[in-house]
Structure formats: structure tokens, C-alpha cells
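Naming: A, B, ... by sequence-line order, numbering from 1 per chain.
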Number of protein chains: 2
Amino acid sequence: MNKPTNLDVCEKQCLHLDRVERVRGGMLGDEAAEGLAEIFGLLGDRTRVRILHALSLGELCVCDISAVLGATSSAVSHQLRLLRTAKLVKARKEGKNVFYTLDDEHVRQLFAQGLEHVLER
Amino acid sequence: MNKPTNLDVCEKQCLHLDRVERVRGGMLGDEAAEGLAEIFGLLGDRTRVRILHALSLGELCVCDISAVLGATSSAVSHQLRLLRTAKLVKARKEGKNVFYTLDDEHVRQLFAQGLEHVLER
DNA sequence: GGAACAAGTGAGTACATGTTCATATGAATA
DNA sequence: TATTCATATGAACATGTACTCACTTGTTCC
């Protein structure tokens with residue numbers, strides 16, 4: 001989380017300055033890198049993957065999701081909060097139930113792309 | 001990591017059986033869900049995101065990467081091992097240096113797609 | 001061979017994170 | 001109003017993980 005303030009991490013003469021300069025120019029800003037890590041990290045959990053995939057197949061309430069996954073509704077609820085905060089899912093209240101749906105078309109695409117990777121490897 | 005063996009997690013009558021059945025049929029297998037979580041988890045770290053992005057701009061040795069990121073070469077090396085194991089990057093040895101490149105076109109695409117999400121959010 | 005150095009790795013540590021358990025909230029129903 | 005139940009949430013706990021530090025390996029150059 002904290003990085004050294006001086007950049008001469010490589011003590012002596014190993015740097016390929018041309019490459020380093022070129023890459024440094026095109027590097028992601030901190031916010032972008034952080035944002036990417038955040039969204040990918042959110043997708044990087046088995047439970048959340050399965051929740052999102054289930055929701056990609058249709059609207060479900062918390063209880064439905066926990067039945068599909070075989071997980072407690074508490075665990076599911078905790079994960080849904082993260083997904084809600086990140087605006088990946090959307091909640092709709094109806095009586096005692098809260099129905100969730102995907103709230104991000106990008107997620108669907110990321111999923112598809114990720115699956116391609118997984119399946120062909 | 002361990003899930004309850006009985007599926008009547010929702011004690012009484014909240015299930016919407018039609019929805020649950022439909023979704024259950026289309027659900028990801030365990031291996032697929034695990035595989036997805038694994039690849040996304042790998043992308044879900046600030047340091048690894050920056051390493052991969054740097055490599056997407058050109059081939060770099062470990063020392064170059066640590067200079068670009070402002071991280072120790074040990075930290076970078078540890079992360080590169082994970083990326084190498086997952087076949088996301090490829091190593092080429094040349095004298096004392098080891099040069100790394102991206103080894104997966106999917107990653108490039110996932111990156112692009114993720115960035116879209118982050119930028120427009 | 002010996003010095004210098006890039007890279008890899010194991011152990012230890014600090015911190016993040018996912019789950020469970022207990023409890024709270026809020027809506028329907030008796 | 002009291003009960004029941006779906007959902008949410010806080011605390012505690014256990015596990016995972018990213019870093020540092022010390023050390024090893026393997027290569028180049030003297």
C-alpha cells in the first residue's frame with residue numbers, strides 16, 4: 001500500500017531507460033489503476049461470480065439466490081451490499097422481498113470475455 | 001469455502017420456485033465459476049494491474065517494471081510468479097535479465113473493457 | 001575463481017476479506 | 001398489537017494475501 005518514495009529501486013545499471021521512459025508515459029493514472037483493480041477484485045470471488053451469473057439469468061430475491069448457491073442468506077446479503085455499492089447490481093423492493101438485477105452491461109461483457117478465457121485455456 | 005449441504009437455506013416459503021429452477025439450469029459449473037474468480041482475482045490487485053498494463057505497452061525486465069511502478073523488485077518478482085503461473089505473462093531470459101511480455105490476448109481485451117467501465121462509471 | 005548484480009524464493013508480518021452468529025429492521029399477516 | 005419472516009448489519013473469527021527482509025541462484029565480467 002505504501003511505495004518507496006525514491007525511484008532508484010534498481011540499485012545500479014540494469015535500467016533500459018528508453019523502454020522505461022516510453023512505458024512511463026503511457027502508464028495508467030493511479031485512479032484508473034485503482035478503479036480497474038476494484039472492479040476486477042469484485043469479480044474475483046467465487047460467491048460473487050455465481051451471484052452475478054445467476055442474476056444475469058434473471059431477477060432474483062436474496063432468498064432465491066441463497067437457494068441457488070447453497071449459501072446462507074446472510075453471506076449473500078453481505079456480498080450483495082458490495083455489489084450494490086459498486087453499482088453492479090440494482091435492488092427493487094416488493095413487500096418483504098428485495099429483488100436484484102444486474103445494473104451494468106459491462107459486467108455482462110466482462111463475464112463473457114472472462115469465460116472465453118477460462119474455457120479455451 | 002464450505003457450503004451447507006442441505007439446500008433449504010430459506011427456512012419456509014420465500015422461494016420463487018419457477019425462477020430458481022430456471023436459473024439453476026443455466027448456472028455455471030463449479031470449475032467455470034472458480035476459473036472466472038481466479039482470473040478476475042488475479043486482475044483485482046493494483047500492483048498486478050499496473051504490471052500488466054506496463055507490459056501491454058512493451059516488453060520489460062523485472063528491474064524496469066519495478067522502476068516504472070516504484071516498487072521493490074522482490075515485490076514485483078512475487079507478483080510476476082503468480083502471473084506466470086496463470087499464463088498471463090511470458091518470460092524470456094537474456095543474460096542476467098528476464099524480459100516479460102503479455103501472454104494472453106484476452107487480458108488485453110479484458111483490460112480495455114474494464115477501462116471502459118471505469119471511465120464511464 | 002571471485003566480485004557484482006538481476007532475479008527468484010521462503011519466512012514472517014500486517015492487513016484485507018469472507019463467513020458465521022447474533023441481532024436489528026421493516027413488512028405482511030394473524 | 002404480536003408474530004413471522006425476508007433482509008440487513010455489526011462483531012468476531014479464520015483464512016488469504018501482498019509486502020519486506022534475508023538469502024539463494026545463476027549469469028556476466030574482472
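Checking A:Gly41 against A:Lys93, the closest nucleotide of DNA chain C that is more toward the 5' end is the one next to A:Gly41.
A close approach under 4.0 Å does occur between a side-chain nitrogen or oxygen of B:Arg48 and OP1 or OP2 of D:dA18. For the OP1/OP2 pair of D:dA18 and a distance below 4.0 Å, the side-chain nitrogens and oxygens of B:Thr47 include no atom meeting the criterion. In this structure, A:Gln79 reaches the C:dT19 phosphate: one of its side-chain N or O atoms is under 4.0 Å from OP1 or OP2.
Overall, the helix from C:dG1-D:dC30 to C:dA30-D:dT1 carries an axis bend of 20° between its ends, with five pairs at each end and the value rounded to 10°.
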Which side-chain N or O atoms in residues 55-62 of chain B pair as donor and acceptor under 3.5 Å with protein atoms at least two apart or in another chain?
| unit_1 | atom_1 | unit_2 | atom_2 | d |
| --- | --- | --- | --- | --- |
| B:Ser56 | OG | B:His53 | O | 2.6 |
| B:Glu59 | OE1 | A:Arg19 | NH1 | 3.1 |
| B:Glu59 | OE1 | B:Arg92 | NH2 | 3.0 |
| B:Glu59 | OE2 | B:Arg92 | NE | 2.8 |
| B:Glu59 | OE2 | B:Arg92 | NH2 | 3.2 |

Review item, side-chain donor-acceptor pairs of residues 31-44 of chain A, under 3.5 Å, at least two apart:
none

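The CZ atom of A:Arg46 sits 14 Å away from the P atom of D:dG16 (whole-angstrom rounding). One interatomic measurement links the two molecules: CZ of B:Arg81 to C1' of D:dT24, which rounds to 15 Å at whole-angstrom precision. Note: CD1 (B:Ile65) to C1' (C:dA7) measures 11 Å, nearest angstrom. Atoms CZ (B:Phe40) and C1' (C:dT17) sit 19 Å apart, rounded to a whole Å. The CG atom of B:Leu80 sits 11 Å away from the P atom of C:dT9 (whole-angstrom rounding). Note: CG (A:Leu60) to P (D:dA6) measures 15 Å, nearest angstrom. Rounded to whole angstrom, the span from the CG atom of A:Leu43 across to the C1' atom of C:dT17 amounts to 16 Å. Protein atom CD of A:Glu34 is 12 Å distant from nucleotide atom P of C:dA16, rounded to whole Å.
Residues B:Phe99 and B:Leu80 do not share a hydrophobic cluster, clusters being chains of Ile/Leu/Val/Met/Phe/Trp/Tyr side chains in contact below 4.5 Å.
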Between A:His106 and A:Phe111, is the ring pair (Phe, Tyr, Trp, His ring centres under 6.0 Å) condition met? List the steps. CA-CA 8 Å; A:His106 293 303; A:Phe111 246 85; over 10 Å; no

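Within the nucleic acid shown, B:Tyr100 comes within 4.0 Å of sugar-phosphate atoms alone, with no base atom in reach, counting heavy atoms only.
When each of A:Val107, A:Thr101, A:Leu83 is checked for a side chain to side chain contact (heavy atoms under 4.5 Å, CB included) with A:Val89, only A:Leu83 meets the rule.
Listed nucleotides: C:dA27, D:dA8, C:dG8. Nearest to the side chain of A:Lys96: C:dA27. Closest to the side chain of B:Asp45, from the set C:dT20, C:dA7, D:dA18, is D:dA18. Which of D:dA6, D:dA18, D:dT9 sits closest to the side chain of A:Ser77 comes down to D:dT9. Out of D:dT27, C:dT19, D:dT7, the shortest distance to the side chain of A:Ala75 is found at C:dT19. Side-chain atoms of B:Thr72 lie closest to D:dT20 of the nucleotides D:dT7, D:dT9, D:dT20.
Between the side-chain ring of B:His78 and the base of C:dT9, a stacking contact exists by the 5.5 Å and 30° definition.
Under the 3.5 Å distance criterion, the side-chain polar atoms of A:Asp64 are left unmatched by any main-chain donor or acceptor of B:Leu15. In this structure a side-chain-to-backbone donor-acceptor pair under 3.5 Å is present from B:Arg24 to A:Ala67.
One donor-acceptor pair, N or O on each side, does fall under 3.5 Å between the base of C:dT9 and the side chain of B:Ser74.
Using a 4.5 Å heavy-atom cutoff, the side chains of A:Asp30 and B:Arg46 are in contact.
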